[in-house]
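What you see is a predicted model, and the numbers here were worked out from it, not measured in a lab. Throughout, residue positions are numbered sequentially from 1 according to the sequence presented.
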Amino acid sequence: MALSRTTQSVLLILFSVALLAALSLMGKMLGTDVLGDPLHPMQVSGARFTVALMCLLLVVRFNPVQFNDTPWRLHIKRSIAGWCGVTCLFAAVTVMPLADANAVSFLSVIVAMGLSMIMLRERTGPYRWAAAVIALLGALIITRPGTTAFQPAALIAVAAAVFIGFEMIFIKQLSGREAPMRILLINNTIGTSISIIAVSFVWQTPSPQQWLFMCLIGSLMLGVQYTNILAMQRSDASFIAPFWYATPAFAALYDFLVFAEVLSLSSMIGISLIIAGGVVISWREGLAKKRMETESG
């Protein structure tokens, strides 16, 4: 019995989310002493961009990409923000629970919502603001500022959220005018160029196991992007978006299996609030998009 397109999209996006959580797990393993001497987060993110670029170059060899009228400044801003976001996230997961780091990084949706008002002149209604407050409350419960349980490392995850929020705005500006393959190729080329310079200051020769995991990080990131595209081809983005918030659940499972890390009650409450806020914002985004399509049609 053939699966419906909706069911296919759900399975694909959950598989994509599972891969994304696995990437953060690999980043934690590389940044700790599990596979050898810990590697610097910039070296880990460098592997993510470099390996992905190598895979993309194999693809474009048979399907050349044209670069006429490329908005280079926008691509550069997107790539710098993306590189900083990925590097901060890899740094955060080495010093705090995977689920916490992933959940706090999802505040990028809140950051993007605020930036869209300033940069894209978009209006934000009371539902989105209420969802933003709920998500921010969840982040405060996880980080617990002003108490002895405060996690300074969480500020790195917050920085990741800010950078990723900027990247989301730049991607939104690019998506209507650029082909996906050109976006991926340029992004990973710029990301690799930044990494070569940054890693030259922190390079440490990886162990054989670390080389393997570094290669896996880059190739699996392309797998995340590809399965996400396949899912969106089978269903609306507004339907798929909430499933991304399953990432902390997969991350918590992996963290428990590999590092025996058990989530605290406060972390579970905080993560739940961030997920709830993000889902509401995604839902309102979907409604707004459908309303605009109806009005333009």
Ignoring hydrogens and geometry, is there a side-chain-to-backbone donor-acceptor pair from [X] to [Y] under 3.5 Å?
| X | Y | value |
| --- | --- | --- |
| Ser45 | Met42 | yes |
| Thr50 | Ala47 | no |
| Glu167 | Ile164 | no |
| Asn188 | Ala52 | no |
| Glu261 | Ala99 | no |
| Ser79 | Ile76 | no |

Quick one: does [X]'s side chain get under 4.5 Å of [Y]'s, heavy atoms only?
| X | Y | result |
| --- | --- | --- |
| Ile190 | Phe49 | no |
| Pro71 | Leu174 | yes |
| Met168 | Ser108 | yes |
| Ile274 | Ile271 | no |
| Tyr254 | Phe259 | no |

Contact summary for [X] and [Y], nearest pair of heavy atoms:
| X | Y | result |
| --- | --- | --- |
| Leu39 | Gln204 | CD2-NE2, 3.8 Å |
| Arg48 | Asn187 | NH2-ND2, 4.4 Å |
| Met214 | Pro206 | SD-CG, 3.7 Å |
| Gly31 | Pro38 | O-CB, 3.3 Å |
| Asp255 | Pro97 | OD2-CA, 3.5 Å |

[atom1]-[atom2] distance between [X] and [Y], expressed to the nearest 0.5 angstrom:
| X | Y | atom1 | atom2 | answer |
| --- | --- | --- | --- | --- |
| Ser267 | Asp100 | OG | CG | 3.5 Å |
| Met29 | Leu216 | CE | CG | 10.5 Å |
| His75 | Thr70 | NE2 | OG1 | 5.5 Å |
| Cys215 | Met54 | SG | CE | 7.5 Å |
| Trp83 | Cys88 | CH2 | SG | 8.5 Å |
| Ile194 | Ile80 | CD1 | CD1 | 5.0 Å |

Do any side-chain atoms of residues 56-66 form donor-acceptor pairs under 3.5 angstrom with protein atoms, and if so which ones, sequence neighbours left out?
none

ILVMFWY cluster, [X] and [Y] together (side-chain gap under 4.5 Å):
| X | Y | result |
| --- | --- | --- |
| Val51 | Phe90 | no |
| Ile186 | Met181 | yes |
| Val158 | Phe163 | no |
| Ile156 | Val111 | no |
| Ile196 | Val202 | no |

Does a side chain donor of either Thr189 or Thr192 reach within less than 3.5 Å of an acceptor in the other side chain?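 Judged by distance alone, the side chains do not pair up.
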Taking distance alone, no hydrogens or angles, what donor-acceptor pairs closer than 3.5 Å link side-chain atoms of residues 11-27 to residues at least two apart or in another chain?
| residue | atom | partner | partner atom | Å |
| --- | --- | --- | --- | --- |
| Ser16 | OG | Val224 | O | 3.0 |
| Ser16 | OG | Thr227 | OG1 | 3.2 |
| Ser24 | OG | Ala21 | O | 2.7 |
| Ser24 | OG | Asn102 | ND2 | 3.4 |

Can you tell me if Phe67 has over 12 outside heavy atoms packed within less than 6.0 Å of its CZ?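 Correct, the count exceeds 12.
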